[in-house]
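The block underneath contains the structure these notes are about, expressed in structure tokens.
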There are 2 protein chains.
Amino acid sequence: MMDERVRERVLNAADRLYYGRGIQSVGMDELRRASGVSLKGLYGVFPSKAAIVLEVLDRRHALWNTGVTDRVARAETPRAKLLAIYDYLSDWFSDDTFRGCGFINAFAELGSISPEVAERAREHKAGFQSFVAGLVADAGADPDLAPQLSILAEGAQTTAAIAGTGEAAVHARHAAEILIDAAMLSGATSASECPSAKA
Amino acid sequence: MMDERVRERVLNAADRLYYGRGIQSVGMDELRRASGVSLKGLYGVFPSKAAIVLEVLDRRHALWNTGVTDRVARAETPRAKLLAIYDYLSDWFSDDTFRGCGFINAFAELGSISPEVAERAREHKAGFQSFVAGLVADAGADPDLAPQLSILAEGAQTTAAIAGTGEAAVHARHAAEILIDAAMLSGATSASECPSAKA
DNA sequence: TTGCTTTGAGAACGTTCGTTCTCTATGGTT
DNA sequence: AACCATAGAGAACGAACGTTCTCAAAGCAA
């Protein structure tokens with residue numbers, strides 16, 4: 001089988017298994033069975049399990065980035081773009097394979113014993129935070145809004161994962177609306193006006 | 001050695017090791033070495049590693065509860081009590097052994113293969129959420145504020161853990177102030193007044 | 001001292017892990 | 001047909017895991 005096809009099948013199976021059941025709980029034998037690639041083929045394309053884990057994280061990072069970027073791009077106003085993040089989360093949470101953020105999970109499992117995994121998690125989160133910061137800047141809002149919205153998104157993911165329900169996305173979106181409205185005021189002017197709380 | 005002292009030493013060591021390096025990464029032999037309790041003594045008091053894990057989680061749950069409850073009790077106004085949560089987080093984050101929420105970590109590692117661990121995590125989070133809901137009710141604010149504040153606290157914990165810095169607590173506290181102010185308006189009356197954004 | 005119980009240190013057991021090796025069968029080339 | 005490179009299935013290996021067992025030392029009763 002061609003190398004690229006082998007890689008694809010292994011990484012697909014590995015992502016599904018690692019995300020669904022945890023990295024340490026899934027052995028190479030199960031990955032062989034799930035991917036249909038023999039152990040020899042597997043080690044012919046990847047040097048080790050650790051390398052597979054890192055590639056799985058990289059793919060998941062790219063998938064998340066395009067997913068949220070596309071969703072945000074479909075919104076029109078700067079405010080709607082910020083809120084689109086939580087709509088994307090809401091859809092994700094209602095996927096019945098949802099089991100929290102793969103990077104948070106990987107970090108919790110391996111972050112303290114694998115510097116590479118910890119670094120991927122940090123990069124992933126930092127990337128998201130700077131993406132949000134860009135949207136906040138486009139909206140002309142107070143820059144402090146960015147970490148606030150990032151924290152909301154983060155909290156929604158873990159809350160939804162542990163609770164097993166997706167309602168956290170709705171709550172986070174609601175909170176985001178309020179924070180955005182407050183930050184659009186203090187970002188543009190110095191908050192001397194007195195508008196009503198809701199539009 | 002007396003059983004209670006053995007339990008104490010084992011659970012202290014287990015909590016430190018499991019929290020610091022992950023549960024699956026710490027073997028019984030290392031726990032024996034760290035606790036100074038022989039393997040025989042260990043299995044004389046606990047039936048299995050899984051039982052130790054659950055007791056560690058229970059202790060951590062109790063510790064968190066008393067810690068945050070005490071901190072909240074020291075605040076005077078309902079608003080200050082809600083914000084005290086984030087001050088507690090801020091102190092926790094600056095502890096150099098901080099490595100995120102132990103329940104999120106345990107859930108990520110074992111939630112999908114250990115129903116008991118998953119249940120402890122759910123109970124822990126549900127307990128915190130209803131604690132916050134009580135404070136929100138005491139403050140006379142819109143009940144929707146409670147999940148919003150819980151999500152902020154959750155997000156601050158994972159953000160601080162992965163970033164390795166504690167600044168998320170400050171951002172979360174800031175966001176909480178804005179959300180509280182908004183919810184105190186819509187909770188007490190039907191938001192017909194027009195106050196300034198900050199007190 | 002003698003005998004009995006308890007205990008700690010760590011060897012041992014069975015399993016599982018990641019990784020490598022063996023062997024066989026297959027498919028393509030001449 | 002003869003040859004050879006390849007690749008799959010799974011055995012094999014060393015290490016680590018959770019758990020149990022062995023055995024010698026130590027404490028205590030008589």
Side-chain angles (χ1 to χ4, degrees), chain A residues 1-57 105-106 108-117 120, chain B residues 1-57 105-106 108-117 120:
Chain A
M1 206 186 311
M2 210 170 63
D3 274 11
E4 267 317 306
R5 249 192 87 60
V6 169
R7 291 180 67 85
E8 195 70 17
R9 289 174 59 168
V10 170
L11 292 174
N12 283 342
D15 183 73
R16 184 166 43 84
L17 292 172
Y18 292 163
Y19 178 68
R21 304 229 319 277
I23 294 169
Q24 301 189 85
S25 300
V26 176
M28 295 300 277
D29 202 62
E30 185 167 5
L31 181 56
R32 173 189 66 78
R33 208 174 312 125
S35 65
V37 175
S38 72
L39 278 177
K40 183 184 249 180
L42 233 153
Y43 280 97
V45 180
F46 300 98
S48 66
K49 175 177 178 177
I52 298 177
V53 169
L54 294 183
E55 286 221 39
V56 163
L57 290 180
N105 293 348
E109 207 181 333
L110 301 172
S112 62
I113 59 176
S114 165
E116 295 93 344
V117 167
R120 305 295 158 119
Chain B
M1 205 187 311
M2 210 170 65
D3 273 10
E4 266 317 308
R5 248 192 88 60
V6 169
R7 291 180 67 85
E8 196 69 17
R9 288 174 60 168
V10 171
L11 291 174
N12 282 342
D15 185 71
R16 183 167 42 84
L17 290 172
Y18 292 162
Y19 178 68
R21 303 228 319 277
I23 295 169
Q24 301 189 87
S25 299
V26 176
M28 294 299 277
D29 202 62
E30 184 165 7
L31 181 54
R32 173 189 66 77
R33 208 174 314 126
S35 65
V37 174
S38 71
L39 278 178
K40 183 184 246 180
L42 233 154
Y43 279 98
V45 180
F46 299 98
S48 66
K49 175 177 178 177
I52 298 176
V53 170
L54 294 183
E55 287 221 38
V56 163
L57 291 180
N105 293 349
E109 206 179 335
L110 301 172
S112 62
I113 60 175
S114 165
E116 296 93 343
V117 168
R120 305 294 158 119

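Computed from a predicted model, the values in this text were never measured in an experiment. Lettering of chains follows the sequences in order, A, B, ..., and the numbering in each one begins at 1.
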Could you state the [atom1]-[atom2] distance from [X] to [N], rounded to the nearest angstrom?
| X | N | atom1 | atom2 | answer |
| --- | --- | --- | --- | --- |
| A:Ile52 | C:dG18 | CD1 | C1' | 11 Å |
| B:Leu42 | C:dA9 | CG | P | 12 Å |
| B:Glu30 | D:dT19 | CD | P | 16 Å |
| B:Arg32 | C:dG8 | CZ | C1' | 10 Å |
| B:Leu31 | D:dT19 | CG | P | 11 Å |
| A:Ile113 | C:dC17 | CD1 | P | 16 Å |
| A:Arg33 | C:dT16 | CZ | C1' | 13 Å |
| A:Arg5 | D:dA7 | CZ | P | 15 Å |

### Task
Using modelled atom types only, decide if a donor and an acceptor are shared between the side chain of A:Ser35 and the backbone of A:Val10 within a distance under 3.5 Å.
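Not a single qualifying donor-acceptor pair exists.
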
I'd like to know if the side chain of A:Glu109 reaches the main chain of A:Ile23, judged simply by a donor and an acceptor atom lying under 3.5 Å from each other, with no hydrogens or angles considered.
yes

Using every non-hydrogen atom in the two residues, find where [X] and [Y] come nearest and quote the distance to one decimal.
| X | Y | result |
| --- | --- | --- |
| A:Leu17 | A:Ala34 | CD1-CB, 3.7 Å |
| B:Ala108 | A:Ala108 | CB-CB, 3.7 Å |
| B:Gln24 | B:Lys49 | CA-NZ, 4.2 Å |

Margin query: Please evaluate residues A:Leu42 and A:Arg32 with respect to the criterion side-chain contact (heavy atoms from CB on, under 4.5 Å), reporting the C-alpha separation (whole Å), side-chain torsions for both, the decisive distance (0.1 Å), and the verdict.
Written below: CA-CA 7 Å; A:Leu42 233 153; A:Arg32 173 189 66 78; 4.2 Å; yes

Write out a two-atom table: protein N or O, nucleotide N or O from nucleotides 19-21 of chain C, distance below 3.5 Å.
unit_1: C:dT19; atom_1: OP2; unit_2: A:Tyr43; atom_2: OH; d: 2.6
unit_1: C:dT19; atom_1: OP2; unit_2: A:Lys49; atom_2: N; d: 2.9
unit_1: C:dT19; atom_1: O5'; unit_2: A:Tyr43; atom_2: OH; d: 3.2

